[in-house]
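I have placed the structure first, in the form of structure tokens, so that the comments after it can refer back to it.
Note: hydrogens, waters and symmetry copies are ignored here, and every other heavy atom, side chains too, is used.
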2 protein chains.
Amino acid sequence: MARKSASGRIGIADVAVKAGVSHATVSRVMNGNFTVDPDVAARVRAAAAELKYQPNPVGRSLALGKTDTIGIVVPDLANPTFQAILRGLSRAAAQDGYRVLIADSFEVSSEESILAGEARRRCDGLVLCAPRMSDAELTEIAPSLHPLVLINRTTDAPDVPSLVVDYGQGVQDIAGHLVELGHTRLAFLAGPPRSASNGMRLKGLEAFKAAHPQVEVTMLEGGSDFDTGHEAVDAVLASGATGILAFNDLVAMGLMSGLHERGLDVPGDISVTGFDDIPFAKYTTPALTTAAVPITELGEQAWHQLRALIRKEGNEVPGSRFQPRLEVRASSGPAKAPRSAVHG
Amino acid sequence: MARKSASGRIGIADVAVKAGVSHATVSRVMNGNFTVDPDVAARVRAAAAELKYQPNPVGRSLALGKTDTIGIVVPDLANPTFQAILRGLSRAAAQDGYRVLIADSFEVSSEESILAGEARRRCDGLVLCAPRMSDAELTEIAPSLHPLVLINRTTDAPDVPSLVVDYGQGVQDIAGHLVELGHTRLAFLAGPPRSASNGMRLKGLEAFKAAHPQVEVTMLEGGSDFDTGHEAVDAVLASGATGILAFNDLVAMGLMSGLHERGLDVPGDISVTGFDDIPFAKYTTPALTTAAVPITELGEQAWHQLRALIRKEGNEVPGSRFQPRLEVRASSGPAKAPRSAVHG
DNA sequence: CCTGCCTGAGAAAGCGTTTTCTCAGTTCGC
DNA sequence: GCGAACTGAGAAAACGCTTTCTCAGGCAGG
């Protein structure tokens, strides 16, 4: 016959009545304030236990001005990279007693800032993951989103740490690896045009071309998923390249699948490389040569940065840059003699 | 020079002052209450726009008794199945203006009920995904979690819709398919012992054995990830089975990878099947025969059920059962002559 | 024995909304 | 032309908690 306040749920008032004290005292006890007589505290605790009282977090949030929740907005929850970031973030935050609220923008860049704003208002901080919005828009809304940390994107706005993977260096490492294997005609199967990480890859390849004038690098349009790779087979063959750098592992897998259907051998006829080293990359046949990104760790670091901001520690490094690690597997091998374009 | 209340953020009071009205009126305007003079409303809207006023959701939640947020607790955010459910749920909920808060129990079943309780208190409803806790515990806490919907788990507790995939039927379909291909010795590479969906598969196989006495079905211990499958190669070979039903696609992929390393051909020597039809299943070599589960749709349905509960519609069906669809691909083929056990 | 300090706990003021209550000022009907 | 019904908007209560303010009572010191 637990008495209830009007709302039907058990509140601080109920336990106050039951323990014969004021609700202020109940609050003190629940929050470990030691200015309370041990006997009274015990009585309150007993009453709380008996009533199975659990403080209402909303009331608590309003009073304390914090929610113990952080938000993350991702462009596409179906993308393994973002899933991994979410996982790392969620785990790290959970260890500090924070929960995470997710928002998926479904690659609609115009929704991002609204979504981000809404999420931010409900949370103590925000992680913006590879936002597709323009630099101008990002800079404009960044202050209203503080505490904010950026992943795979940078901004001029102050006090916004950003964690970026050095995709530029990564593609250069991969390209270098292919050249070492004797490939002189490479092709890059690009990612989504609005993706900043694609931009970094392109810049990396420019640098690579400058340093290796003897190597031919063809740029091909693309995307970020399986189908992109699968549909790119013709373009890849037409390029005459023997070493293909796919935008990411998904694209590489799609490409390998397409090449396989054409009866071509990887890496016998063509070497294919990916990027990211998603868990599946190890298990493709042939196993995929790729650049491993410590992506879960990225999520974890994002939390650490955000935590510093929330706690106003202020002495934190403004961000950091993650180096991919070349992961050589079976999908890359010695170059054949250059093929003529448009091979059967 | 936007004036601020003590907290630093712009509140309803600031708008009220600027528009020269009471904050009650501001609230009325913001919520589309038409008992406000159009002129006054316009003035308020102008003030709100100029101050970029955004209502504080926490205060709103407290007053309204709802958060427009739902929670989901999953045993392992790294599992593609749960990722897909999360995605479906998140998308469907977003369409109705709800956000989702995630909680990952990391397969620690003792944490589940605490996590669930905490999540629930911050949200308007909860989705419990394949909980690992005991039936007794589940039944006990279910009422305190209402509105609650269960995925891949059932309970006696009232008013708890549950969405389950008919794994029992699924394995029977797969087994039937293998038998049609001439396999007479099958093996089942089981999943986590505490998993209810594993239990359903086992029951399905019992039914299958009863209906097909001439077929031998060996049960092998297992798990739910790549490595499980990879490490199971010896046990699989020792069983002498020519048709292997793996617990899920991940396990199947691990197994295929292990078999490949041993120089065995799939499906020439052994047929391997998975379960779930994760996106990658299409792209393994050979492409994986599996049972497709409309898993994203499951998340979507979960939202619909939960929404009905939140809105107290009450006339909803108590849950539903999803039928997997057999997806025949290249990893299953005609049986060879039965092999002797412990093949080289 | 009185002043002053300290301790413990109730009263009350937030936190930022929504919503009910209330009432002044209009409009309408007879 | 006066009471009744209506309209619009402010005052205040409510949501559930934390925290500051305040004060009664106990105790030590002079």
Side-chain angles (χ1 to χ4, degrees), chain A residues 3-45 47-48 51-69 118 120-124, chain B residues 3-45 47-48 51-69 118 120-124:
Chain A
R3 43 169 91 64
K4 307 165 160 197
S5 58
S7 81
R9 264 192 62 78
I10 290 177
I12 202 172
D14 303 292
V15 7
V17 170
K18 175 144 197 146
V21 299
S22 74
H23 49 269
T25 301
V26 176
S27 173
R28 281 188 271 256
V29 172
M30 300 304 290
N31 294 298
N33 184 324
F34 293 114
T35 69
V36 145
D37 184 289
D39 290 350
V40 177
R43 217 166 65 227
V44 168
R45 261 186 276 274
L51 260 35
K52 294 197 204 309
Y53 167 68
Q54 304 282 147
N56 174 329
V58 179
R60 212 151 183 280
S61 291
L62 188 58
L64 292 174
K66 68 200 206 77
T67 62
D68 290 345
T69 301
E118 285 187 353
R120 174 61 186 86
R121 252 170 275 131
R122 298 181 182 275
C123 299
D124 299 343
Chain B
R3 39 171 96 63
K4 309 166 164 196
S5 58
S7 81
R9 265 193 61 79
I10 290 177
I12 202 172
D14 304 292
V15 179
V17 170
K18 176 143 198 147
V21 299
S22 75
H23 48 271
T25 301
V26 176
S27 174
R28 281 188 271 258
V29 172
M30 300 306 287
N31 294 298
N33 184 324
F34 293 113
T35 70
V36 153
D37 184 288
D39 290 351
V40 176
R43 215 165 68 226
V44 168
R45 261 187 276 276
L51 260 36
K52 294 199 205 308
Y53 166 68
Q54 305 282 146
N56 174 332
V58 179
R60 212 150 185 281
S61 291
L62 187 59
L64 292 174
K66 68 199 207 80
T67 61
D68 290 346
T69 302
E118 286 186 352
R120 174 61 185 83
R121 250 168 279 129
R122 297 179 184 276
C123 300
D124 298 344

[X] side, atom [atom1]; [Y] side, atom [atom2] - distance, nearest 0.5 Å:
| X | Y | atom1 | atom2 | value |
| --- | --- | --- | --- | --- |
| A:Leu51 | A:Ile12 | CG | CD1 | 12.0 Å |
| A:Arg28 | A:Asp37 | CZ | CG | 12.0 Å |
| B:Asn33 | B:Thr25 | CG | OG1 | 9.5 Å |

Rounded to the Å, how far apart are [X] [atom1] and [N] [atom2]?
| X | N | atom1 | atom2 | value |
| --- | --- | --- | --- | --- |
| A:His23 | C:dG14 | NE2 | C1' | 12 Å |
| A:Phe34 | C:dA9 | CZ | P | 14 Å |
| B:Arg9 | C:dG16 | CZ | P | 9 Å |
| A:Arg43 | C:dG8 | CZ | P | 14 Å |
| A:Asp14 | D:dC15 | CG | C1' | 14 Å |
| A:Ile12 | D:dA14 | CD1 | C1' | 16 Å |
| A:Arg121 | C:dT17 | CZ | P | 11 Å |

Evaluate the side chain to side chain contact (heavy atoms under 4.5 Å, CB included) criterion for residues B:Arg60 and B:Asn31: first the C-alpha distance (whole Å), next the side-chain angles of each, then the deciding distance (0.1 Å), finally the verdict.
-> CA-CA 11 Å; B:Arg60 212 150 185 281; B:Asn31 294 298; 2.9 Å; yes

Expected list for residues 55-68 of chain B near DNA chain D, using heavy atoms below 4.0 Å, is B:Leu62, B:Ala63

Does a side-chain heavy-atom distance below 4.5 Å link A:Val29 with A:Arg45?
-> yes

Determine whether B:Arg43 and B:Val21 make a side-chain contact, defined as any pair of heavy atoms from C-beta on separated by less than 4.5 Å.
-> yes

Would you say [X] places a side-chain N or O within less than 4.0 Å of OP1 or OP2 belonging to [N]?
| X | N | answer |
| --- | --- | --- |
| B:Tyr53 | C:dG16 | no |
| A:Thr25 | C:dG10 | yes |
| A:Asn33 | D:dT19 | no |

May I ask you to decide if A:Pro57's main-chain N or O and A:Ser61's side chain share a donor-acceptor pair within less than 3.5 Å?
-> yes

Within the side chain of B:Arg122, is there an N or O that forms a donor-acceptor pair under 3.5 Å with the backbone of A:Thr67?
-> yes

Closest non-hydrogen contact found for A:Ser22 with A:Ala16 is C-CB, 3.8 Å

Taking for each residue the nucleotide of DNA chain D with the nearest heavy atom, is it B:Gly20 or A:Met30 whose nucleotide lies nearer the 5' end?
-> B:Gly20

Counting side-chain heavy atoms from CB outward, which of C:dT19, C:dG10, D:dG10 is closest to A:Val21?
-> C:dG10

Are there any protein N/O atoms within less than 3.5 Å of an N/O atom in nucleotides 26-28 of chain C, and if so, which ones and at what distance?
none

Taking N and O atoms by type only, does the side chain of A:Arg28 place a donor or acceptor under 3.5 Å from a partner on the base of C:dG8?
-> no

